[in-house]
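Each chain gets a letter, A, B and so on, in the order the sequences are listed, and its residues count up from 1.
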Amino acid sequence: MRYSRFFLPTLKEVPAEAEIISHKLLLRAGMIRKLASGLYSYLPLGLRSLRKIEGIIREEMNRAGAQEVLLPLVQPAELWQESGRWDRYGKELLRLKDRHQRAYGLGPTHEEVITDLVRREVKSYRDLPLNLYQIQTKFRDEIRPRFGLMRGREFIMKDAYSFDVDDEALEETYQAMYQAYCRIFERCGLNFRPVEADTGSIGGHASHEFMVLADTGEDQIACCTSCDYAANVELAEVIHPSDHPDVRPSRPMTKVNTPGRRSVREVTEFLGISSDQLVKTLILIGDGRPVVALLRGDHELNEVKLRRSLGLEDLDLADSDTVQRITGAPIGFAGPVGLPGDLKIIADQDLFDLTDFVTGANEVDAHYTGVNWDRDVPRPEFADIRFITEKDPCPRCGGEIELRRGIEVGHIFKLGTKYSEAMGATYLDADGRERPIVMGCYGIGVGRTLAAAIEQNHDRNGIVFPRHIAPFEVIISPLNVKDALIVEAAEDIYNGLMAQGIETLLDDRRERPGVKFKDADLIGIPLRITVGKRLKEKNEVEIMDRATGKTISVPRDRAVEKTSEML
RNA sequence: CGGGGCGUAGCGCAGCCUGGCAGCGCAUCUGCUUUGGGAGCAGAGGGUCGGAGGUUCAAAUCCUCUCGCCCCGACCA
């Protein structure tokens, strides 16, 4: 490709809208442009990289036995009503009507469509296993799109759906997908970690997220520094010692005046206690009913864990009026003592052995000190409902936990029979019995993978593309296009590389050397061949490695050979 | 949806408080010079100041409404 004819508008300055490095560089390198919030156009350079990633995904999916399909983006509401998600999915599902007033959703994911397809065609255990995938545009009307390709409303996703006879067979498919995902992200040049994860709105029993480690990641993950345990903090278990120390109350329960002290910090400072002596009481609404969660003052409630342990669909903090109605006091003075007996109360397991603690008195400007279980307040149900911290041990090996940030580029789920049962996707087994198909689903954010790769591979001059996803493999920079010798040499090398199938960008623009160097660095092409003064002096050209900056000089007629060796 | 910020030339911004010719840098176009890290000189083009309404002799500037964009929270590939 000749740069002078290539639609590649690079920017010297960073557009004001971009915050994180991948977004800035994608814009500056002329790879994407914004149409509206969460909606981006891919320009030729960006599309080339995107296609590289898609290519890697296709190869690995096909190798793992999956087959590519292409499903409609517009999906009839009836299908979503069958699975029950028409009502449950929420506003991320963009709903629209056609001219006949029939309702449709713009596909945020394709479980319903694929299950419908498969239930019509698959009748026998002989047809299984089956694994179908597509690479296609998804639409999710996100509450807050941000960070360029990182969280768009319209985005490109690879989604795969597997169909197996039973859980055992699903396990095998799941492992094959797990391995395929590892290979995909390795080939994309990413430093990533597979982590145990929550299943969210997709449903199912087990799942792993593939996290690219980056400080700008939106997710937090807990990694063990000794073993290979890693989990999304939403899920990471907190281990509670099983041997309980023999502890007894040592102080009477006393009501104290705490004027205007609401937050953990205000109360603990006022009373001169540490925050692990305080039990904070959070009022939530779970599936329409109030739930009280108790936690140590220095711990944070993990709503995902609470939701899972209570088997709730929906969970939210209660508003101030509800808190007032339930506890009889404004926010900041709630406590377990004297709450109505029929109220669902759940305490974090770390409170089990706590004695002489402080809580709100369900009365404005008052707390209790010296509160103890059994004596002052009945023991509630205990469960692991808080976030893991770096002070907690690894739940697998007891080692040290490190909290890191990650970008979720892939997510795999064991769905089980959730969709097949709801939608009647069954097969006949060898004994002629009708059984539900056991499903799995597997997603990769393709654009997000590109953004994550840039997030992890850049320097102050621009992108440093991993080889396999670079838009071009080589850029040739003839430094003076008015010099016939230089132009001729550059053209020769260009033709030589193209003849070998090496994707090459020839910077034939009438620009000064500095401009060409800056643009080449910005767009991050792995190898740059400089044709300049050394050609005239020694008949040599230079090959520079973008990642290391290392440069070698080679005779002009060996440039093609040497370059292809270096790739 | 709640909180914060921003809309002025393609991009980055100043001007707004205190109303009075719409500006700067980069980019673009022409010519000459220059050619190893975002060149120099000379010239040129480009604006409904996000939109609507209002106040005023006069509005980018003040007021009201509205639309869009970005950041922080809940959602997710």
Practice task
Indicate whether OP1 or OP2 belonging to B:G68 is found under 4.0 Å from a side-chain N or O atom of A:Ser37.
Solution key: no

Exercise for the section: Go ahead and name the base partner of B:A74; Watson-Crick or wobble counts if both distances stay under 3.5 Å, otherwise write none. Expected result: none

Exercise for the section: Report which part of the nucleic acid A:Glu537 touches: base, sugar-phosphate, or nothing (heavy-atom distance under 4.0 Å, all strands). Expected result: nothing

Problem - Backbone N/O of A:His110 and side chain of A:Gln75: donor-acceptor pair under 3.5 Å - result: no

Fill in the blank from the handout: Here the gap from A:Ser553 atom OG to A:Lys538 atom NZ, rounded to the nearest 0.5 Å, amounts to 6.5 Å

Handout entry: OP1 or OP2 of B:U35 under 4.0 Å from side-chain N/O of A:Lys533
Key = no

Exercise for the section: Rounded to whole angstrom, note down the P distance from B:U30 over to B:G45. Expected result: 15 Å

Practice task
Report yes or no: is there a donor-acceptor pair, N or O only, under 3.5 Å between the side chain of A:Glu13 and the base of B:G10?
Solution key: no

Fill in the blank from the handout: Re B:U61: Watson-Crick or G-U wobble partner, both distances kept under 3.5 Å, found to be none

Practice task
State, with a plain yes or no, whether a side-chain heavy atom of A:Arg556 is found less than 4.5 Å away from one of A:Asp492.
Solution key: yes

Practice task
Look at the side-chain N and O atoms of A:Arg146 and state whether any lies under 4.0 Å from the OP1 or OP2 oxygen of B:C71.
Solution key: no

Handout entry: G-U wobble or Watson-Crick pairing nucleotide for B:G68 (cut-off 3.5 Å, both distances)
Key = B:C6

Exercise for the section: Check if the side chain of A:Arg460 and the base of B:G37 share a donor-acceptor pair of N or O atoms closer than 3.5 Å. Expected result: no

Problem - Distance in angstrom units between A:Glu154 CD and B:C76 C1', rounded - result: 16 Å

Handout entry: For atom CZ of A:Arg510 and atom C1' of B:G31, their distance in whole Å
Key = 12 Å

Practice task
Report yes or no: is there a donor-acceptor pair, N or O only, under 3.5 Å between the side chain of A:Arg151 and the base of B:C75?
Solution key: yes

Practice task
Check every strand shown and say whether A:Gly514 touches a base, only sugar-phosphate, or nothing at a heavy-atom separation below 4.0 Å.
Solution key: sugar-phosphate

Practice task
Classify the nucleic acid contact of A:Val481 as base, sugar-phosphate or nothing, counting any heavy atom under 4.0 Å across all strands shown.
Solution key: nothing

Handout entry: Quiz item: A:Asn461 side-chain donor-acceptor pair to B:G37 base, under 3.5 Å
Key = no

Exercise for the section: Could you tell me whether a side-chain N or O of A:Lys158 sits under 3.5 Å from a main-chain N or O of A:Glu54, the two making a donor and an acceptor? Expected result: no

Handout entry: Positions of residues 39-61 of chain A (non-hydrogen atom under 4.0 Å from RNA chain B), listed by number
Key = none

Practice task
In whole angstrom, give the distance that lies between atom CG of A:Leu11 and atom C1' of B:G12.
Solution key: 10 Å

Problem - Sugar-phosphate, base or nothing in reach of A:Asp219, heavy atoms under 4.0 Å - result: base

Problem - Closest listed nucleotide, where the reference is the side chain of A:Ile143 and the choices are B:A74, B:C76, B:C71 - result: B:A74

Practice task
Just call it for A:Gly38: base, sugar-phosphate, or nothing, with non-hydrogen atoms closer than 4.0 Å on any strand.
Solution key: nothing

Practice task
Pick base, sugar-phosphate or nothing for A:Ala16, based on heavy-atom distances below 4.0 Å to the nucleic acid.
Solution key: sugar-phosphate

Problem - Heavy atoms from other residues, nucleotides or ligands near CD of A:Glu266 exceed 12 (cutoff 6.0 Å) - result: yes

Practice task
Establish, for the pair A:Arg48 and A:Phe472, whether the NZ or CZ atom is under 6.0 angstrom from the six-membered ring centre and no further than 45 degrees off its axis.
Solution key: yes

Practice task
For the pair A:Thr530 (side chain) and A:Ser477 (backbone), establish whether a donor and an acceptor sit closer than 3.5 Å, ignoring hydrogens and angles.
Solution key: no

Practice task
For A:Arg33 and A:Ser41, indicate whether the former's side chain and the latter's backbone hold a donor-acceptor pair under 3.5 Å.
Solution key: no

Exercise for the section: With RNA chain B as reference, determine whether A:Gly148 or A:Asp521 sits nearer its 5' end, using the nearest nucleotide of each. Expected result: A:Asp521

Problem - For B:G25, the Watson-Crick or wobble counterpart (both distances under 3.5 Å) - result: B:C11

Problem - Short side-chain N/O contact from A:Arg512 to OP1 or OP2 of B:G36, under 4.0 Å - result: no

Practice task
Could you work out the separation of B:U61 and B:C16 based on their P atoms and round it to a whole Å?
Solution key: 12 Å

Practice task
Would you mind pulling out the nucleotide paired to B:C17, Watson-Crick or G-U wobble, both distances under 3.5 Å?
Solution key: none

Handout entry: Distance, nearest 0.5 Å, that separates OH of A:Tyr419 from CD of A:Glu111
Key = 4.5 Å

Exercise for the section: Find the distance between CD (A:Glu92) and CG (A:Asp141) and round it off to the nearest 0.5 Å. Expected result: 7.5 Å

Exercise for the section: Could you tell me which residues satisfy side chain to side chain contact (heavy atoms under 4.5 Å, CB included) with A:Glu154, sequence neighbours excluded, listed by chain and number? Expected result: A:Leu39, A:Thr137, A:Phe139

Exercise for the section: Mind calculating the distance between CG (A:Asn480) and C1' (B:U35) to the nearest angstrom? Expected result: 5 Å

Handout entry: Base-pairing mate for B:U34 - Watson-Crick or G-U, with both contacts under 3.5 Å
Key = none

Practice task
Would you tell me whether A:His299 and A:Lys280 have side-chain atoms, one donor and one acceptor, within less than 3.5 Å of each other?
Solution key: no

Exercise for the section: Using heavy atoms and a sub-4.0 Å distance, could you list which residues of residues 22-34 of chain A are near RNA chain B? By number, please. Expected result: A:Arg28, A:Lys34

Fill in the blank from the handout: 5'-most contact on RNA chain B (nearest-nucleotide basis), A:Ala36 vs A:Glu92, goes to A:Ala36

Problem - Between C1' of B:G37 and CG of A:Asp519, the distance in whole Å - result: 11 Å

Practice task
Could you tell me whether the side-chain ring of A:Phe517 sits stacked on the base of B:G36, using a centroid cut-off under 5.5 Å and a plane angle under 30°?
Solution key: no

Exercise for the section: Indicate, yes or no, whether a donor-acceptor pair under 3.5 Å links the base of B:C76 to the side chain of A:Arg153. Expected result: no

